[in-house]
Amino acid sequence: MSSTTTHRAAAAPRKIEQTGQQKSALAWLTVPALIFFVVFALAPLVGVLVLSFANWDGIGAIGAAGLENWSSVLSDPGLYNALGLTFLIMIVSWLVQTPISLLLGVFTAGTQRYRAALAVLYFLPLLLSSAAVAIAYKALLDPNFGLAMGLGLPFLAQDWLGVPQLALGLVIFVIAWQFVPFHTLIYQGGVRQIPKSLYEAAQIDGAGIIKQFFHITLPQLKYTIITSSTLMVVGSLTYFDLIFVLTGGGPGNSTRILALDMYLRGFRANLMGPASVIAVILVVIGLVLALFLQRLGGKDKQGSQLEGL
Amino acid sequence: MSTVLRSDSKTAPATPPGHSIKAKQSLGSRVRRLNIPGGLGGWIWLAIIIVPIYYIVITSLKTSEGYFGQNPLALPAAPTLENYKLVLEANFTTYFMNSVIVTLGSVIPTVLISFMAAFAIVRGRGRYLKFVNGMFLMGLAIPLQATIIPIYLMIIRLNLYDSLLAIMLPSVAFAIPLTVLILSNFIRDVPNELFESMRLDGCSDWQTMWRLALPLTRPAIVTVAIYNGLHVWNGFLLPLVLTQSPGLRVLPLGLWTFQGEFSVNIPAVLASVVLSTLPILVIYVLGRRQLVSGLTAGFSK
């Protein structure tokens, strides 16, 4: 939040006091949005917890299941495979995407025209749907008619979708391909808000470019890094479409992340109860991670950082 | 008095924070020094992005002889639009129209009701509005995937299963938190004096909202409309779970079926990928400045 906004927000209540009556009348304006949000986002959150204790095949009647779903899912090695993969993809994606988007963000924050043009092109992958990206990559990976032969790099002609490790690596690469541009944009905005005077002072003190990056740019981007990481980490729980179309969770279960595991259990195996258990786990992980990352930003900053999301 | 106030402060919103000319000039002199490593990395990443896109486009223009016979990255020897024709004849227009309906039917209500909520949150006060705002902020962390089973159940119970409306309702709900957040950040930047002078002129809150806040928030509205539109247009899970009939498929789902139908005809599959992206590309080209500057402001405040 810019400093001017904070001042204004702080000054506002005093002025409004005179018109208190009028102001409270505004509350009804939130009602339509609230109804949509409560019915289709908040209630399902409660619903999924209830369904995790129910027996339902997706079509017939819903019965009580007690703790059965929970004990069956928690004792299923498939859950731990999915959990491990979810965290693995999350961590490796963060390690791959953050440095790239940070550096590209710093780079594109410059004002030369060609950088602006590059930034336009960087945005293109975000326009494609995950389904389109997955389908396109399948064609690209064709050992005979895809990129490998076109680029004259035969080592790229692998059975990418048939070998577990390769499929996993591919998934991480394609995710980076699609989402690095978005985070680049966030960092670009962050860099543009760093006061120029800091760099001038550093230059007078004789600090080189690398020193400036580590002592000014990086610390100044702290909250941008947290915002981007939060979006990245929480978003990684939801890479469903891409993996569903690209690998379908295979080969074997080598790319079957939690969200996909939930879909396959619920809508393919018709086990909505166990699928709901997975969904609850997904929600808990998402909330815990989001809160943890906000904490990194310090307690006072929590509110404004959430707003920064 | 009121007219003075108005003409004074009307200039303020014309230069949103971070966009002043001064800031731009000063940045140029600084960042130019990072050129060499940054430039190298920038161009490498460009290649990583562009080569696949180039491959998709040229392959979609190839005949099957061209696809099987040529170097995959060579320009088509005999470019053809046959693949596009094939795709357009195979239900593409139905999928396209469904996507248009779902996108407009989600984005328009989202922006409208979120704008009203954002206006109330910024301009009103009291515990209720604080609570609502807090709830929307919390909503940012709810993953759509995790709620899909109860949504499926609810849509069945509402007798909406296998309809386009079934996709729109949850799409609106999940777009509200971020939309309210971005719009309220922008409305907060409107100087209080403007609202005061509207009130002195005898305008009701309702009039102030539509005649003052709405026009001044237009850049943000364009931003959130494009951003949400992109999301709904590309949405896959909700249509996959909530519809069934081929006649109700939206584009991403249609692509997925094309992939099965034309599995031996890769150029046709890629033509459908290109076609499905074209409308969003056109909108991006038209609204790019708006979208990028709006998102930058919305995400990195």
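Order of the sequence lines fixes the chain letters, A, B, ..., with proteins taken first and strands second; residue numbering starts at 1 for each chain. No experiment lies behind these values; they were computed from the predicted model shown.
Interface residue Leu270(B): only side-chain heavy atoms are found under 4.5 Å from chain A. For Gln259(B), the part sitting under 4.5 Å from any heavy atom of chain A is the side chain, from C-beta outward, and nothing else. Using a 4.5 Å cut-off between heavy atoms, Leu169(B) contacts chain A through both its backbone and its side chain. If you measure heavy-atom distances from Leu151(A) to chain B, the contacts under 4.5 Å come from both the backbone and the side chain. Contact annotation for Leu153(B): both backbone and side-chain heavy atoms come within less than 4.5 Å of a heavy atom of chain A. Proximity to chain A (any heavy atom under 4.5 Å) is restricted, for Pro177(B), to the side chain, taken from C-beta onward. Both the backbone and the side chain of Ile48(B) come within less than 4.5 Å of a heavy atom of chain A. Heavy atoms closer than 4.5 Å to chain A are found in both the backbone and the side chain of Tyr67(B). Proximity to chain A (any heavy atom under 4.5 Å) is shown, for Met135(B), by both the backbone and the side chain. With a 4.5 Å cut-off on non-hydrogen atoms, Ile100(A) touches chain B through its side chain but not through its backbone. For Ile56(B), the part lying under 4.5 angstrom from a heavy atom of chain A is the side chain only. With a 4.5 angstrom heavy-atom cutoff, Val120(A) touches chain B via backbone and side-chain atoms both. For Leu34(A), the parts lying under 4.5 angstrom from a heavy atom of chain B are both the backbone and the side chain. Looking at Ala290(A), the atoms closer than 4.5 Å to chain B (heavy atoms on both sides) all sit in the side chain, from C-beta outward. Only the side chain of Leu230(B) comes within contact range of chain A, with at least one heavy atom under 4.5 Å from a heavy atom of that chain. Only the side chain of Trp206(B) has a heavy atom closer than 4.5 Å to any heavy atom of chain A. The part of Ile142(B) that comes within reach of chain A is its side chain, from C-beta onward, which places non-hydrogen atoms under 4.5 angstrom from that chain. Heavy-atom distances place the side chain of Ala259(A), and not its backbone, under 4.5 Å from chain B. Of the two parts of Ile283(B), neither the backbone nor the side chain holds a non-hydrogen atom closer than 4.5 Å to a non-hydrogen atom of chain A.
When the candidates Phe174(B), Phe119(B), Phe68(B) are compared by the number of heavy-atom contacts under 4.5 Å with chain A, Phe68(B) comes out ahead. Heavy-atom pairs under 4.5 Å with chain B peak, among Val280(A), Val234(A), Leu45(A), at Leu45(A). Contact count against chain B (heavy-atom pairs under 4.5 Å) is highest for Leu140(A) among Leu140(A), Leu282(A), Leu103(A), Leu287(A). When Val180(A), Ile281(A), Val283(A) are compared by the number of non-hydrogen pairs under 4.5 Å with chain B, Val180(A) comes out ahead. Ranking Thr147(B), Asn71(B), Ile49(B), Thr277(B) against chain A, the residue ahead of the rest is Ile49(B), based on heavy-atom pairs under 4.5 Å. For chain A, the option among Pro252(B), Ala175(B), Gly235(B) with the highest count of heavy-atom pairs below 4.5 Å is Pro252(B). Heavy-atom pairs under 4.5 Å with chain B were tallied for Phe145(A), Tyr263(A), Phe123(A); the largest tally goes to Phe145(A). Most heavy-atom pairs under 4.5 Å with chain A: of the set Leu46(B), Ile280(B), Leu112(B), this distinction falls to Leu46(B). Highest contact tally toward chain A, considering only Ile149(B), Val180(B), Val273(B), is held by Ile149(B) [criterion: heavy-atom pairs under 4.5 Å]. For the options Ile266(B), Ile155(B), Val132(B), Ile121(B), heavy-atom pairs under 4.5 Å to chain A are most numerous at Val132(B).
Here the closest heavy-atom approach between residue Met154(B) and residue Val39(A) is recorded as CE-O, 3.4 Å. Heavy-atom minimum distance, Lys62(B) versus Pro267(B): O-CB, 3.7 Å. Residues Ala27(A) and Leu129(B) approach most closely at CA-CD2, 4.0 Å, considering heavy atoms. Contact record, Asn234(B) with Leu127(A): ND2-O, 3.3 Å, taken as the closest heavy-atom pair. Taking every heavy atom of both residues into account, Val172(B) and Ser106(B) meet most closely at CG2-O, 3.6 Å.
You'll find the side chain of Leu185(A) stays beyond 4.5 Å of the side chain of Thr108(A), heavy atoms only. Two residues are said to be in side-chain contact when any heavy atoms from C-beta on lie closer than 4.5 Å; Thr224(A) and His183(A) fail this criterion. The closest side-chain heavy-atom distance from Tyr187(A) to Leu104(A) is not below 4.5 Å. You'll find the side chain of Tyr152(B) reaches within 4.5 Å of the side chain of Phe267(A), heavy atoms only. In this structure, Phe236(B) and Ser129(A) have side chains that are not in contact, with every pair of non-hydrogen atoms separated by 4.5 Å or more. Looking only at side-chain heavy atoms (C-beta outward), Gln70(B) and Thr59(B) stay at 4.5 Å or farther from each other. Residues Phe240(A) and Met262(A) form no side-chain contact, since every pair of their non-hydrogen atoms from C-beta on lies 4.5 Å or further apart.
In the model, Tyr199(A) has a side-chain atom that pairs as donor or acceptor with a side-chain atom of Thr217(A) under 3.5 Å.
Exactly one residue among Leu237(B), Ile148(B), Leu238(B) makes a side chain to side chain contact (heavy atoms under 4.5 Å, CB included) with Pro170(B). That residue is Leu238(B).
At most 12 heavy atoms of other shown residues, nucleotides or ligands fall within 6.0 angstrom of atom CZ in Phe131(B).
Ring geometry for Phe258(B) against Phe262(B) counts as parallel: the plane angle stays under 30°, on a 0 to 90° scale with 60° as the upper cut. In this pair, Trp177(A) and Tyr137(A) present their aromatic rings perpendicular. The plane angle is above 60°, beyond the 30 to 60° band.
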